[in-house]
Amino acid sequence: MSKILRINMSDLGHKWETLPKKYETLAGRAFTSAVIHNEVDPTCHPLREKNKFIISPGLLAGTMAPSSGRLSVGGKSPLTGGIKEANAGGLTATRLGYLGLQGVIIEGAPPVETKDWYSIYIGKDKCEVKKTSDYAGIGLYELIGKIWKDYPSKPGIIGCGIAGQRLHKGAGVFGNNVENTDPGRYAGRGGLGAVLGSKRIIAIISDASDGSRPEAKDKDRFEKGRKAFKKALDNHALTGRLNNEKGEPYGALKNYGTNVLQNILNEAGALPTRGFRTGRFEDAAKISGEAVHDLIDKTRKRFGDKAEGKYGHACHPGCVIACSNVVPYEKTGKAQVSPLEYETAWAFGTNLGIGVLHDVAEMNRICNDLGLDTIEAGNAIAMFMESGLIDFGDGPAAIELLMKGYHPESAKGALVCSGALTAGETLGVSRIPVVKGQALPAYDPRPIRGIGVTYATTTMGADHTAGYTIAAEIVGIKGTVTDPKAIDKAELSRTFQATTAYIDSTGYCLFIAFCVLDDDSGFGGMLDTVNGFLGKDIDVGEYGMAILKNERAFNKGAGFTAKDDRLPEFFYTEPFPPHNVVFEVSDEELDAVYKDM
Amino acid sequence: MKVFVKLYATLRKLAPPDNELGEFFEVEFNGATISDLIEQLGFTQEQARIVFVNDNQTSDLLSALRNGDRVVMFPPVGGG
Ligand code: SF4
């Protein structure tokens with residue numbers, strides 16, 4: 001990869017730039033965060049012309065390295081007011097890798113009075129900013145179908161839906177899936193869909209025809225690493241193959257997806273239920289990954305070839321872990337939504353007290369169609385439940401509320417699309433589970449303190465993926481579990497945050513971490529792919545810390561201080577059953593995570 | 001003694017066929033420790049990566065079980 005494409009939405013022009021030396025090893029999150037740090041005024045309004053929308057495929061995207069085709073998008077977040085990187089699979093990263101692009105920087109904005117909508121087409125040495133007002137105001141299932149009709153070369157698509165077009169802060173950036181049947185590959189968090197909307201962009205279409213696979217500088221080392229890494233992933237009980245020698249289910253992610261966590265967090269008493277009130281949900285099993293697996297098997301038996309449900313589904317070409325799924329309707333076997341992930345099943349299920357798989361999947365589908373982040377939307381609905389406007393557990397009412405998001409004249413619809421903080425404050429709720437304005441995901445920080453430290457201190461606002469200490473605190477590394485209730489978690493969170501920043505830049509999916517933390521040959525293989533690709537060794541920790549440094553500096557410039565690195569008050573005061581604990585980590589411990597930044 | 005067992009994910013195949021997902025089933029247990037129970041149920045310690053006894057996670061598979069204990073076991077699982 002060697003080029004940057006810069007697009008200016010103020011004059012609809014573009015230029016190709018050679019990659020500056022300082023960006024040579026930077027891709028994915030390292031690239032998006034460096035460009036934001038270097039080029040975006042941290043005090044700017046996130047939904048006006050001074051903000052930029054940055055796209056970067058991970059370093060190895062498009063290569064034969066396993067599970068390496070992830071995409072980073074970034075900008076100043078309208079939800080948090082700070083820096084944002086959001087990460088997803090789909091087709092776009094590998095397409096951009098084939099086109100030799102390290103990044104796309106979209107800046108400026110059309111005049112505010114404009115009524116036009118645009119799409120950006122990127123091909124081999126080709127870029128067009130097209131007026132596509134007919135793409136606006138329609139659901140995303142329809143939109144992706146339309147685009148593949150307009151472009152038979154099967155391009156990658158990312159963009160914003162109705163929520164982003166209306167500049168709502170809960171809007172995510174969608175991506176089409178490999179089959180183009182679902183727009184569910186979301187770089188969901190932080191409202192970046194609204195940043196695209198503010199630039200009047202609906203879709204960015206990446207066409208890799210005439211492109212070529214990116215090549216490693218040190219091919220032998222890359223190849224050796226790739227093989228070792230693939231073997232380690234295949235053999236790990238979490239990331240591994242579908243069945244064992246006896247034909248029984250083997251790899252947990254391939255069989256049950258990320259939603260295999262629903263039951264374990266429930267058993268651990270750390271599954272935030274009904275707006276973070278208790279740690280156990282009596283219907284958790286009904287909406288868990290195991291339940292989805294059973295439903296798929298059942299509909300396969302009943303509908304045979306016509307059944308569309310799937311597990312072991314890959315979110316991008318070349319993922320060997322394949323944790324994604326297609327959830328079928330029980331009655332017809334046809335696809336309802338893809339994927340249903342743990343965070344989403346939690347956000348619309350457990351978090352709302354809804355134990356009906358169909359209802360949960362339906363809300364996921366509506367979000368995919370509207371262009372909404374599911375974690376933010378689920379938490380926003382929870383605010384309606386907290387305020388008493390609808391009841392916890394009422395699936396049909398929750399679906400009806402979410403459907404209001406389609407109607408431009410509905411104030412409730414606008415609220416549900418605006419995130420938990422805006423919804424909660426408007427509705428007079430005092431228990432609003434957000435950090436830096438971003439809603440908490442599916443692990444309660446009271447019984448699992450390391451993840452609480454990550455929520456509080458990451459530059460991203462509450463985000464489990466920013467420093468996934470759950471791997472140490474629940475799953476265990478090399479057979480050793482770090483006590484989840486211990487309160488000295490600064491070092492653990494910091495290490496995870498730096499390592500994650502590195503992984504988010506390589507193109508690798510974060511879920512490789514389970515294998516590389518457990519298996520040294522997997523770790524070595526992964527390093528060989530990255531260093532072999534670059535033709536030089538980079539240090540994981542240093543690389544990750546450099547990213548975090550840029551992000552912290554941006555957030556400081558935007559006005560963030562230590563008081564923003566805290567959890568909401570109720571986590572410190574309301575004991576959480578069944579363990580009846582509060583968040584006991586001291587402010588000093590939280591501040592120790594970034595003591596030198 | 002009697003213990004109550006819940007198995008998830010890839011371990012579920014070792015539960016009785018009529019056992020509902022997320023429910024305990026009763027086991028007439030002849031051994032003493034968690035690792036004995038794992039052996040009696042027919043899988044390996046490596047497969048029982050995450051173990052809860054009476055709601056608390058434990059990694060000490062040699063600890064003794066008592067009559068009426070509730071034991072929940074998972075293989076390595078994760079995601080996010
Ligand atoms: S493991 Fe899952 S989320 Fe990660 S790249 Fe593969 S399919 Fe996508």
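The figures that follow rest on heavy atoms only: side chains count, while hydrogens, waters and symmetry mates do not. Proteins get letters first, then strands, A, B, ... in listed order; numbering begins at 1 in each.
- The contact between A:Asp294 and chain B is made entirely by side chain atoms (from C-beta outward), counting heavy-atom distances below 4.5 Å.
- In the displayed structure, B:Glu28 atom CD is contacted under 6.0 Å by more than 12 heavy atoms of other residues, nucleotides or ligands.
- Counting non-hydrogen atoms of other residues, nucleotides and ligands closer than 6.0 Å to CD of A:Glu330 gives a total of 12 or fewer.
- Annotation: side chain of B:Asp55 is in contact with side chain of A:Arg280 (closest heavy-atom distance under 4.5 Å).
- Within the 4.5 angstrom heavy-atom criterion, atoms from both the backbone and the side chain of A:Glu290 approach chain B.
- Nearest heavy-atom pair across A:Val475 and B:Ile50 is CA-CD1, 4.1 Å.
- Taking the side chain as every heavy atom from C-beta outward, B:Phe74 and A:Asn263 approach each other to under 4.5 Å.
- Among the candidates A:Val481, A:Ile264, A:Asn255, the residue making the largest number of heavy-atom pairs closer than 4.5 Å to chain B is A:Ile264.
- Using a 4.5 Å cut-off between heavy atoms, A:Asp518 contacts chain B through its side chain alone, with no backbone atom that close.
- At distances below 3.5 Å, at least one donor-acceptor pair connects side-chain atoms of B:Arg49 with backbone N or O atoms of A:Gly476.
- In this structure, no portion of A:Ile470 lies under 4.5 Å from any heavy atom of chain B.
- A 6.0 Å sphere centred on CD of B:Glu46 holds no more than 12 heavy atoms belonging to other residues, nucleotides or ligands.
- Only the side chain of A:His579 comes within contact range of chain B, judged by heavy atoms closer than 4.5 Å.
- Between B:Leu21 and A:Ala291, the shortest heavy-atom distance links the atoms CD2-N, 3.9 Å.
- For B:Lys6, the NZ atom sits in a packed shell: over 12 heavy atoms of surrounding residues, nucleotides or ligands are nearer than 6.0 Å.
- Interatomic distance, A:Lys246 NZ to B:Lys13 NZ, rounded to the nearest 0.5 Å: 7.5 Å.
- Remark: the backbone N or O of A:Ile474 is paired with a side-chain donor or acceptor of B:Gln57 at under 3.5 angstrom.
- Atom CZ of A:Phe523 has 12 or fewer neighbouring heavy atoms from other residues, nucleotides or ligands inside a 6.0 Å radius.
- Between B:Gly22 and A:Ala285, the shortest heavy-atom contact is CA-CB, 4.1 Å.
- Interface remark: A:Ser288 contributes side-chain atoms only to the contact with chain B (heavy atom separation under 4.5 Å).
- A:Gln262 does not touch chain B: none of its heavy atoms, backbone or side chain, sits under 4.5 Å away.
- Comparing A:Cys323, A:Ala268, A:Gly269 by how many heavy-atom pairs each has under 4.5 Å with chain B, the most go to A:Ala268.
- Contact detail for A:Tyr250 and B:Thr10: the closest heavy-atom pair is O-CG2, 3.3 Å.
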